[in-house]
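Presented below is the structure to which this report refers.
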Amino acid sequence: KHFDSFFDAYKKSIIGSTDKIGVWISGFFGSGKSHFLKILSYLLENREVDGKKAVEYFYDKIFDNMLLADMKLAGDTSADVILFNIDSKSDSDSKANKDTIVKVFNKVFNEMQGFCGSLPWVADLERQMVTDGVYDEFKKKFKGISGKEWVNAREDFYYEEDAIVDALSKSTKMSLESARQWYTKAEENYYLSIEKFAKRVREYIENKGKNHHVVFLVDELGQYIGDNSQLMLNLQTCVEDLGKYCRGQAWVVVTSQQELKAMIDSTKDKQQDFSKIQARFDTRILLSGAEAGEVIKKRILDKKET
C-alpha cells in the first residue's frame, strides 16, 4: 500500500514534471520508518546484489502488476540516491543556525560527488576545477609538493597553505598571488543561499543527461526539527526551491515520528505560514502499529515448521 503511494507519486516526475517532490513518512518509534526509507533507497538506485537488481527481489512479494511496473520504471530511471541521518551529518552547533538544513543538504550533495563535505568553499573550488578540466592535474601537483593525497589532506586546509597555493598556481590559471589571496579569503567570501543550492542541483541534473533524478532520503528529520519554526521554515524553502528549479527531478523523502500537520502545529511560531510545505509534501505515508499482525504472520507464522 505504501509502496503504491510512493511510486505512483514518483512516476509523475518521470513521465512529466511536478513541483510536488516531498514525501513525509511518519509513524511511532519502531514502526519501520528507517527500514522503509532504506528499502526505497535500494529500489530507486536499483543496485545489483548477487546478480539480481533490487526490484527483482520484489517480484515474488508484490502481486500488483501496475505497482511492479511503476517500481521497475523508477529503478530504470537514472538517479543519485543520498540516504543520510540528518543529526549525524550536521555540525554540533548547527541547530542554532536557521540555515542549517540547506547546509546539511549541500554537505551530503558535495560528498555524493566526491567533493569535500566539511569545508564547502573547498568543494566549490573542486567543482570549478572539474568544470575547467584541471582537477586531476591539481591533485597530482598537490601530491608532488606535499607528499599527500589531496582527498586525505583537504580537511587539513589550514595546515597545508603553501602546498595548496603552490598546486593551484601550477595547475590552474591563478597566479601565485591570486591563489594566495583565494586561500586567505575563501572561507570569508563563501556564502550559500537556498536558491543557489537548488540551482546547483539543477545544473548537476542537466549535466547528467535526460531525466536524471537526485533523491535526498533524510532519516529522523522530524526529531531534528522538533518545535523549531526557523528550521521548519528552512526546510519549507528548501523543498519549495528544489521543486521550482528542478521540476520533479530532485526529491526529498523524510521520516518523522510526528505527522506533518502535527509537526507544524507544535512549532513555536504559530503566526508563520507553513502552507507551502504542506503543498510540497503532497505524499504522506503513515506507518502504524496496525500492520504488526501482518508482519508477525509474514515473518514468523509463514515459516517452515522447524
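Scope of the values below: all heavy atoms of this structure, side chains included, with no hydrogens, waters or symmetry mates. Being a predicted model, the structure only gives us computed values, none of them experimental.
- Residues passing the salt bridge (charged side-chain N to carboxylate O under 4.0 Å, His left out) test with Lys53, sequence neighbours excluded: none.
- No side-chain heavy atom of Glu111 sits less than 4.5 Å from a side-chain heavy atom of Phe84.
- Shown here for Asp241 and Ile194, the closest heavy-atom pair between the two residues is OD2-CG2, 3.7 Å.
- Pro120 has its side chain out of reach of Leu192: every pair of non-hydrogen atoms, C-beta onward, lies at least 4.5 Å apart.
- For the atom pair CD1 (Ile86) and CD (Glu220), the distance works out to 11.0 Å, reported to the nearest 0.5 Å.
- Of all the heavy atoms in Asp269 and Ser229, the pair that sits closest is CB-OG, 3.3 Å.
- Judged by distance alone, the side chain of Gln258 and the main-chain N or O of Gly222 form no donor-acceptor pair under 3.5 Å.
- Counting heavy atoms from C-beta outward, Val122 and Glu126 have side chains that approach closer than 4.5 Å.
- Contact of the Val239 side chain with the Ile277 side chain is not registered, since no non-hydrogen atoms from C-beta on lie closer than 4.5 Å.
- Atoms CZ and OH, from Arg127 and Tyr135 in turn, are 11.0 Å apart once rounded to the nearest 0.5 Å.
- Considering every non-hydrogen atom in both Phe142 and Lys148, the closest pair reads CD2-O, 3.5 Å.
- Residues Val55 and Leu43 come closest through the heavy atom pair CA-CD2, 3.7 Å.
- Using cut-offs of 30° and 60° on the angle between ring planes, the pair Phe216 and Phe197 is tilted.
- Remark: the backbone N or O of Gly117 is not paired with any side-chain donor or acceptor of Asn110 at under 3.5 angstrom.
- Atoms CG and CD1, from Leu217 and Ile25 in turn, are 7.5 Å apart once rounded to the nearest 0.5 Å.
- In this structure, the side chain of Arg284 engages the main chain of Gln278 through a donor-acceptor pair within 3.5 Å.
- Taking the side chain as every heavy atom from C-beta outward, Met263 and Ile225 approach each other to under 4.5 Å.
- When side chains are defined from C-beta on, Asp166 counts as touching Ser169, because their heavy atoms get closer than 4.5 Å.
- Sorted by first and then second residue, the ring pair (Phe, Tyr, Trp, His ring centres under 6.0 Å) pairs with a member in residues 38-61 read Phe3-Phe58; sequence neighbours excluded.
- When the shell of 6.0 Å around OH of Tyr158 is examined, it contains more than 12 heavy atoms from other residues, nucleotides or ligands.
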In a table with atom names and distances, give each donor-acceptor pair under 3.5 Å that connects a side chain of residues 7-14 to protein atoms at least two apart or in another chain.
unit_1: Lys11; atom_1: NZ; unit_2: Asp70; atom_2: OD1; d: 3.3
unit_1: Ser13; atom_1: OG; unit_2: Tyr10; atom_2: O; d: 2.7
unit_1: Ser13; atom_1: OG; unit_2: His213; atom_2: NE2; d: 3.0
unit_1: Ser13; atom_1: OG; unit_2: Gly248; atom_2: O; d: 3.4
unit_1: Ser13; atom_1: OG; unit_2: Trp251; atom_2: NE1; d: 3.2

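- Neither Leu73 nor Met66 shares a network with the other; the hydrophobic side chains, linked directly or stepwise wherever heavy atoms of I, L, V, M, F, W or Y lie under 4.5 Å apart, form separate groups for each.
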Determine, stepwise, if the pair Ser266 / Asp227 fulfils side chain to side chain donor-acceptor pair (under 3.5 Å).
CA-CA 6 Å; Ser266 69; Asp227 61 358; over 6 Å; no
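- Between Glu259 and Lys261, none of the side-chain N atoms (NZ, or NE/NH1/NH2) sits under 4.0 Å from a carboxylate O, so this pair counts as no salt bridge.
- The side-chain tip of Lys103 does not point at the ring of Tyr190 from less than 6.0 angstrom away and within 45° of straight on.
- Under a hydrophobic clustering in which Ile, Leu, Val, Met, Phe, Trp and Tyr are joined whenever their side-chain heavy atoms come within less than 4.5 Å, directly or via other members, Tyr191 and Val104 fall into different clusters.
- The backbone N or O of Gln257 sits nowhere less than 3.5 Å from a side-chain atom of Ser26 that would complete a donor-acceptor pair.
- Side chain of Asp156 to backbone of Tyr159: no donor-acceptor contact under 3.5 angstrom is found.
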Assess the residue pair Val102 and Cys238 against the criterion (side chain to side chain contact (heavy atoms under 4.5 Å, CB included)); give the C-alpha distance rounded to whole Å, side-chain angles, the decisive distance to 0.1 Å, and a yes or no.
CA-CA 7 Å; Val102 71; Cys238 264; 3.7 Å; yes
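- Across all non-hydrogen atoms, the minimal contact from Ile285 to Ser5 is CG1-CB, 4.3 Å.
- Here Lys139 pairs with Asp136 in a salt bridge; the nearest charged N to carboxylate O distance falls below 4.0 Å.
- Residue Glu56 places its CD atom among more than 12 non-hydrogen atoms of other residues, nucleotides or ligands, all under 6.0 Å distant.
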Candidate pair Arg280 and Val252, rule side chain to side chain contact (heavy atoms under 4.5 Å, CB included), full reasoning:
CA-CA 10 Å; Arg280 299 296 184 209; Val252 179; over 6 Å; no
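- Here Lys244 does not pair with Asp19 in a salt bridge; the nearest charged N to carboxylate O distance is not below 4.0 Å.
- Gln249 has its side chain out of reach of Val214: every pair of non-hydrogen atoms, C-beta onward, lies at least 4.5 Å apart.
- With sequence neighbours excluded, the residues satisfying side-chain contact (heavy atoms from CB on, under 4.5 Å) with Ala186 are Trp121, Phe157, Trp182.
- Asn207 and His212 form no side-chain donor-acceptor contact under 3.5 Å, judged by distance and modelled atom types alone.
- To the nearest 0.5 Å, the span separating CG on Leu125 from CZ on Arg154 amounts to 11.0 Å.
- Here Glu203 does not pair with Lys199 in a salt bridge; the nearest charged N to carboxylate O distance is not below 4.0 Å.
- Checked by atom type and distance alone, the side chain of Asp219 never pairs as donor or acceptor with a backbone atom of Leu83 at under 3.5 Å.
- In this structure, Ile39 CD1 and Leu44 CG are separated by 11.5 Å, a value rounded to the nearest 0.5 Å.
- The structure places CG of Leu233 at 9.5 Å from CG of Asp273, a figure rounded to the nearest 0.5 Å.
- Evaluation of the salt bridge (charged side-chain N to carboxylate O under 4.0 Å, His left out) rule for Asp162 yields Arg180 as partners, not counting sequence neighbours.
- Nearest heavy-atom pair across Ser146 and Glu160 is CB-OE1, 4.0 Å.
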Quick one: do Val201 and Leu242 satisfy side chain to side chain contact (heavy atoms under 4.5 Å, CB included)? Show the steps, please.
CA-CA 8 Å; Val201 175; Leu242 284 171; 4.1 Å; yes
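- With contacts defined as side-chain heavy-atom distances shorter than 4.5 Å, the pair Gln272/Met232 does not qualify.
- Shown here is Lys143, whose NZ atom has no more than 12 heavy atoms of other residues, nucleotides or ligands within 6.0 Å.
- Heavy-atom neighbours of Lys210 NZ from other residues, nucleotides or ligands within 6.0 Å: at or below the threshold of 12.
- Side-chain atoms of Ser178 do not come within 3.5 Å of backbone N or O of Met174 as any donor-acceptor pair.
- Linking Ile, Leu, Val, Met, Phe, Trp and Tyr whenever their side-chain heavy atoms come within less than 4.5 Å leaves Met129 and Ile145 in two separate clusters.
- The ring pair (Phe, Tyr, Trp, His ring centres under 6.0 Å) pairs that include a residue from residues 255-281 are Trp24-Phe281, where partners are two or more places apart or lie in different chains.
- Clustering ILVMFWY residues whenever any of their side-chain heavy atoms sit less than 4.5 angstrom apart, transitively, puts Tyr245 in a cluster other than the one holding Ile82.
- Around the NZ atom of Lys185, the shell of radius 6.0 Å holds no more than 12 heavy atoms that belong to other residues, nucleotides or ligands.
- When the shell of 6.0 Å around CD of Glu177 is examined, it contains 12 or fewer heavy atoms from other residues, nucleotides or ligands.
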